[in-house]
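Down below is the structure, laid out as structure tokens.
Reminder, nothing fancy here: chain letters follow the sequence lines and each chain counts from 1. Quantities reported herein were computed from a predicted structural model and do not represent experimental measurements.
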Number of protein chains: 2
Amino acid sequence: METLRERKKQRTRDALLRTAVEMFVARGYDGTTVDDIADAVDVSARTFFRYFAGKEEAALALQELAVAHYLRAVRERPAEEAPVVALRRAVLESWDTLHEVVESVVPVEAYLGMHRVIESTPVLLAAHLRRNAETEDTIARVVAEREGLDVDADPRPRLAVAVFGAVMRVTEQQWSACGDLSLEGMRALTIAYLEQVGPALAGNWRTD
Amino acid sequence: METLRERKKQRTRDALLRTAVEMFVARGYDGTTVDDIADAVDVSARTFFRYFAGKEEAALALQELAVAHYLRAVRERPAEEAPVVALRRAVLESWDTLHEVVESVVPVEAYLGMHRVIESTPVLLAAHLRRNAETEDTIARVVAEREGLDVDADPRPRLAVAVFGAVMRVTEQQWSACGDLSLEGMRALTIAYLEQVGPALAGNWRTD
DNA sequence: TTGTCAATTGTCAGAGGCTGTCACTAGCCT
DNA sequence: AGGCTAGTGACAGCCTCTGACAATTGACAA
């Protein structure tokens, strides 16, 4: 971010994203048009599409940040940990430090607000689930490498990651449904739900 | 399907669906416009939207049939069976009899072809995953009732169904990726993958 | 059979998401 | 200073989808 040009671009993108999130939370996803967002930031609608592939991408940009953050946490887990343990710790850790990543763009409230918008907007929920599936594929590869397995030959990495992801999705959903919109509530739910299923999957794969 | 009117409507819908699926498989989802489909059936594009909520719904209509078929199989499972066992048997059973439901509209090849189209078209895959999530919610309620539990109080029905669904998704994905596009291959994969995870979840919930 | 009612359809207009093009401006670099 | 290039605005246009209105066609009773 050296030149004036780059700084200007960054500012435009941030303004676009911040405004988009604010409007989505306030008036809903469908109730907000790209023109609305562009007008509020005082750029042409065409410019919006130069920064985001579509309205959808702007709506999921914050989630993307969080996912990248989580993925980083997963990769940094020591290889000695069993896969499910590593995933569990990475989740909890990444939530504890989420604000560091998100607050540079929007307040944390906006992140939580967008979460509800996503969960309650069919087309956004769909896109979100698809991205989750992609993320799971990535994580399965990471896990396979940790364990010295071949993702395409051995189904266990994909299965374990998919099962873990399923538990996380139920957790998210219940968290959204219950009024408790705090990161602490999320922590508690995560731990409780994982303990329900986790032990069943904690076998040691390496003694095959 | 008594009156002439109803028969005509049914024929229009079938023609629309059949044509849409053919074109999607042949030219891809994005490469086919609603106008193309309507023109081929010789109705106005407006009429298409009177039969399907959107292009997407036409693309997922066959999946919808299959899901309804599976759901029926689940509900008909005897209550004595443990949840995971019931789900497993319902899946295998509904695949063995899938042709009975699908072939009244399109040949089975078309169904398998659409499956690949869905898996390889981002927006369709997203919609498909969202519908899966909805289906899982329904099944969780069915399971909870079988076991005499409250879906909202006890997380176990949702968790078990979500985990089961996750395994099925991995199965589907691997089945699509491997060249073996037969229902027999699917059966084998399903059994193999479920045996990898199933035992861990087969606990008896009623002795709580 | 015929006239009336209701259901189905086509046409038209238009919003909204998204893309290609082209000229213009503003920052950058020598 | 002047050329170069990235970023932008202003169209024009395609596609999905919706509302409104009129025309057509089947249903049904007199």
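- Rounded to whole Å, atom P of D/dT16 lies 15 Å from atom CD of B/Glu57.
- With rounding to whole Å, A/Arg50 atom CZ is found 11 Å from C/dG20 atom P.
- Distance, B/Arg11 CZ to C/dT9 P: 11 Å, rounded to whole Å.
- In this model, a side-chain donor or acceptor of B/Arg46 finds a partner on the base of D/dG19 within 3.5 Å.
- Residues B/Thr135 and B/Asn132 bring no donor and acceptor atom of their side chains to less than 3.5 Å of each other.
- A donor and an acceptor atom, one from each side chain of A/His69 and A/Glu100, are nowhere located under 3.5 Å apart.
- For the contact set between residues 25-34 of chain A and DNA chain D, defined by any heavy atom under 4.0 Å, there are no members.
- Using a 4.0 Å heavy-atom distance criterion, B/Ala53 is classed as a sugar-phosphate-only contact.
- Distances shorter than 4.0 Å separate some side-chain N or O of B/Tyr51 from OP1 or OP2 on C/dT9.
- Under 3.5 Å, the side chains of A/Glu119 and A/His128 contain no donor-acceptor pair of N or O atoms.
- Whole-Å rounding puts the A/Ile37 CD1 to C/dC18 P distance at 10 Å.
- Contacts of B/Phe48 with the nucleic acid, taken as non-hydrogen atoms under 4.0 Å apart, are absent.
- Shown are B/Arg77, B/Arg88, B/Arg72; of these, the salt bridge (Lys or Arg N to Asp or Glu O under 4.0 Å) with B/Glu93 is made only by B/Arg77.
- With B/Ser104 contributing its side chain and B/Val101 its backbone, the two residues share a donor-acceptor pair below 3.5 Å.
- Classification of the A/Tyr29-A/Phe24 ring pair by plane angle, with boundaries at 30° and 60°, yields tilted.
- Atom P of nucleotide C/dG16 and atom CD of A/Glu56 are separated by 19 Å, given to the nearest angstrom.
- For B/Glu6, the CD atom counts as densely surrounded, since its 6.0 Å shell holds more than 12 non-hydrogen atoms of other residues, nucleotides or ligands.
- Of the residues in residues 13-24 of chain B, none has a non-hydrogen atom less than 4.0 angstrom from any atom of DNA chain D.
- In this structure, B/Gly31 and B/Asp36 approach most closely via the heavy-atom pair O-OD2, 4.1 Å.
- Using a 4.0 Å cut-off between a side-chain N of Lys or Arg and a carboxylate O of Asp or Glu, B/Arg158 and B/Asp152 qualify as a salt bridge.
- Residue A/Phe49 contributes atom CZ, which lies 16 Å from atom C1' of C/dT21 at whole-angstrom precision.
- Applying the salt bridge (Lys or Arg N to Asp or Glu O under 4.0 Å) test between A/Arg131 and each of A/Glu64, A/Glu136, A/Glu57 identifies A/Glu64 as the sole match.
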Contact pattern, 5' to 3', of nucleotides 25-30 of chain D - B, S or - by protein heavy atom under 4.0 Å: BBS---
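- Ion pairing between a basic and an acidic side chain is recognised when a charged N comes within 4.0 Å of a carboxylate O; B/Glu22 and B/Arg18 show no such pairing.
- Note: CZ (B/Phe52) to C1' (D/dT18) measures 18 Å, nearest angstrom.
- Contact annotation for A/Ser44: base contact, defined as any heavy-atom pair under 4.0 Å involving a base atom.
- Taking atom CG on A/Asp36 and atom P on C/dC18, their separation rounds to 14 Å, with Å as the unit.
- The side chain of B/Lys55 contributes no N or O atom lying less than 4.0 Å from OP1 or OP2 of D/dC15.
- Under the 3.5 Å distance criterion, the side-chain polar atoms of A/Thr47 are left unmatched by any main-chain donor or acceptor of A/Val43.
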